[in-house]
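Input: a single structure, listed below in structure tokens.
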Amino acid sequence: MKKLLLFLVMTLLPIVAWGDAVEIDGIWYNLDSTEKQAEVTKKPSGEYSGAIVIPEKIIYYDTEYSVTSIGKSAFAFCSGLTSITIPNSVTSIGSEAFAFCNGMTSVHISDLEAWCKIPFNRYESNPLYYAHHLYMNGIEITNLVIPDSVTSIGNYAFYGCSGLTSVTISNNVTSIGGYAFYGCSGLTSVTIGNSVKSIRYYAFYCCSRLTSVTIGNNVTSIGDYAFYECRDLSSITIPNSVTSIGISAFAYCSGLTSITIPNSVTSIGEYNQEIKGKTNVEIIPVSA
């Protein structure tokens with residue numbers, strides 16, 4: 001009878017565990033026993049601190065799980081967290097996952113394609129908002145070259161990454177997401193490839209040191225606030241492919257002295273008068 005009871009207890013243990021977070025090597029996970037996937041979750045008590053390295057796979061009761069997500073608020077308010085390593089297996093990061101992680105100094109990845117595919121839904125989801133410095137395979141990325149394997153740059157992808165000084169976007173990228181490079185205050189030059197069709201809202205908002213922008217010749221729209229308050233931007237040429245410029249797209253670009261707007265542009269949003277009203281800015285006007 002005792003042996004039967006012990007057998008039943010040992011059999012039930014892993015089943016009971018599916019309903020609760022489990023701890024493996026200092027990190028807590030929610031487990032999906034059907035899909036064999038694991039989600040990083042917050043600690044039941046206390047906070048994560050120091051340098052956290054999330055593995056691609058974990059083993060629980062002899063079963064292997066792929067770590068595919070970081071859950072909502074998983075590291076929120078972890079003021080002692082200094083760095084995070086995110087594996088290629090992670091495809092989603094929940095809202096406010098890193099909210100108020102003010103002590104972070106670095107984010108570590110090993111593949112830019114995987115990083116660009118993560119659908120951040122707010123800036124608190126992206127640890128770069130707090131850490132400001134992105135490392136790939138141990139080397140800080142300052143001159144960012146988006147590889148040919150990337151076809152789109154998601155929303156908030158490099159939000160607040162002040163360690164970037166230049167960005168080159170390959171010809172295979174078709175869209176730059178909203179807030180993608182928001183607040184990249186160290187960024188001085190941007191080259192946008194010829195396959196990009198849209199630069200979405202707030203994409204380069206407040207990149208205050210940006211001095212050089214080359215826009216590819218297939219861009220059709222520049223979104224609201226796209227280059228708002230890029231104070232060091234002195235000149236820019238809008239290609240003939242562009243038909244619309246959003247609200248305040250170039251507002252408060254106080255250093256701007258020359259902007260070429262071709263006749264193809266049939267719509268300019270409000271509050272770009274800061275450009276139109278500057279007597280030292282040369283403009284080719286929109287056709288009537």
Side-chain angles (χ1 to χ4, degrees), residues 14 17-141 144 147 149-150 153-161 163:
W18 301 141
D20 301 303
V22 300
E23 184 269 331
I24 299 173
D25 296 330
I27 302 176
W28 289 81
Y29 302 91
N30 292 320
L31 302 179
D32 182 337
S33 59
T34 302
E35 299 296 329
K36 300 297 185 292
Q37 294 178 351
E39 174 189 74
V40 178
T41 190
K42 55 188 172 184
K43 279 187 170 185
S45 62
E47 299 176 355
Y48 292 105
S49 63
I52 297 294
V53 178
I54 300 173
E56 286 199 356
K57 299 180 183 297
I58 59 172
I59 295 176
Y60 184 72
Y61 279 99
D62 296 325
T63 300
E64 185 177 81
Y65 295 82
S66 178
V67 181
T68 58
S69 62
I70 298 172
K72 178 181 178 180
S73 303
F75 295 97
F77 297 98
C78 292
S79 56
L81 184 66
T82 57
S83 72
I84 190 82
T85 298
I86 300 176
N88 297 339
S89 57
V90 169
T91 58
S92 69
I93 298 179
S95 61
E96 300 179 349
F98 294 91
F100 301 102
C101 291
N102 298 315
M104 291 194 68
T105 59
S106 62
V107 177
H108 298 261
I109 63 172
S110 59
D111 184 74
L112 276 170
E113 180 182 6
W115 179 260
C116 288
K117 286 182 177 179
I118 295 175
F120 299 105
N121 60 5
R122 277 185 61 83
Y123 62 87
E124 301 101 326
S125 302
N126 191 334
L128 281 175
Y129 173 67
Y130 298 96
H132 306 302
H133 299 278
L134 181 63
Y135 291 76
M136 187 167 67
N137 299 319
I139 300 173
E140 183 174 7
I141 300 174
L144 175 64
S149 56
V150 174
I153 299 172
N155 295 347
Y156 301 96
F158 298 94
Y159 191 110
C161 190

How long is the span from the [atom1] atom in [X] to the [atom2] atom in [Y], to the nearest 0.5 Å?
| X | Y | atom1 | atom2 | answer |
| --- | --- | --- | --- | --- |
| L112 | L134 | CG | CG | 7.0 Å |
| N121 | Y156 | CG | OH | 7.5 Å |
| M136 | S110 | CE | OG | 8.5 Å |

Fill in: Any C161 side-chain heavy atom under 4.5 Å of I141 side chain
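No, their side chains stay 4.5 Å or more apart.
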Worksheet entry | Side-chain heavy atoms of P87 within contact of I54, under 4.5 Å |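 P87 reaches I54 side chain to side chain.
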At their closest point, which heavy atom of [X] faces which heavy atom of [Y], and how far apart are they?
| X | Y | value |
| --- | --- | --- |
| L31 | I58 | CD2-CD1, 3.8 Å |
| L81 | G50 | CD1-O, 3.4 Å |
| W28 | A21 | CZ3-O, 3.5 Å |
| I70 | A74 | CG2-CB, 3.7 Å |
| P55 | Y29 | CD-OH, 3.3 Å |
| E124 | Y130 | CG-OH, 4.1 Å |

Worksheet entry | Results of salt bridge (Lys or Arg N to Asp or Glu O under 4.0 Å) for K117 - residues two or more places apart only |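 Once residues adjacent in sequence are excluded, the partners of K117 under the salt bridge (Lys or Arg N to Asp or Glu O under 4.0 Å) criterion are E113.
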Discussion item. With a 6.0 Å cut-off (strictly less than), is the heavy-atom count around CG of D25, excluding the residue itself, greater than 12?
Written reply: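 For D25, atom CG is not crowded (no more than 12 foreign heavy atoms under 6.0 Å).
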Worksheet item: Please walk me through it: do Y129 and V107 pass side chain to side chain contact (heavy atoms under 4.5 Å, CB included)?
Response: CA-CA 10 Å; Y129 173 67; V107 177; over 6 Å; no
Practice prompt. Among residues two or more places apart or on two chains, list those pairs meeting salt bridge (Lys or Arg N to Asp or Glu O under 4.0 Å) that have a residue in residues 127-137.
Written response: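 Passing the test, one end in residues 127-137: no pairs.
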Practice prompt. Check step by step if side chain to side chain contact (heavy atoms under 4.5 Å, CB included) holds for L128 and W115.
Written response: CA-CA 12 Å; L128 281 175; W115 179 260; 3.8 Å; yes
Item to complete: Taking side chain to side chain contact (heavy atoms under 4.5 Å, CB included) as the test, write out the residues that go with Y135, two or more places apart.
Response: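 Once residues adjacent in sequence are excluded, the partners of Y135 under the side chain to side chain contact (heavy atoms under 4.5 Å, CB included) criterion are S106, H108, H133, E140.
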Worksheet item: Taking D111 for the side chain and N88 for the main chain, is one N or O donor matched with an acceptor at less than 3.5 Å?
Response: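 Checked: no pair found.
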Worksheet entry | Sequence neighbours excluded, every pair satisfying ring pair (Phe, Tyr, Trp, His ring centres under 6.0 Å) that has a member inside residues 67-91 |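 Residue pairs with at least one partner in residues 67-91: Y48-F75, F75-F98, F77-F100.
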Which donor-acceptor pairs under 3.5 Å do the side chains of residues 36-47 make with protein atoms, sequence neighbours left out?
{"from": "K36", "atom 1": "NZ", "to": "S33", "atom 2": "O", "distance (Å)": "2.5"}
{"from": "E39", "atom 1": "OE1", "to": "N30", "atom 2": "ND2", "distance (Å)": "3.2"}
{"from": "K43", "atom 1": "NZ", "to": "E47", "atom 2": "O", "distance (Å)": "3.4"}

Distance-only donor-acceptor hits, side chain of residues 89-96, under 3.5 Å, sequence neighbours excluded:
{"from": "S89", "atom 1": "OG", "to": "V67", "atom 2": "O", "distance (Å)": "2.6"}
{"from": "T91", "atom 1": "OG1", "to": "T68", "atom 2": "O", "distance (Å)": "3.4"}

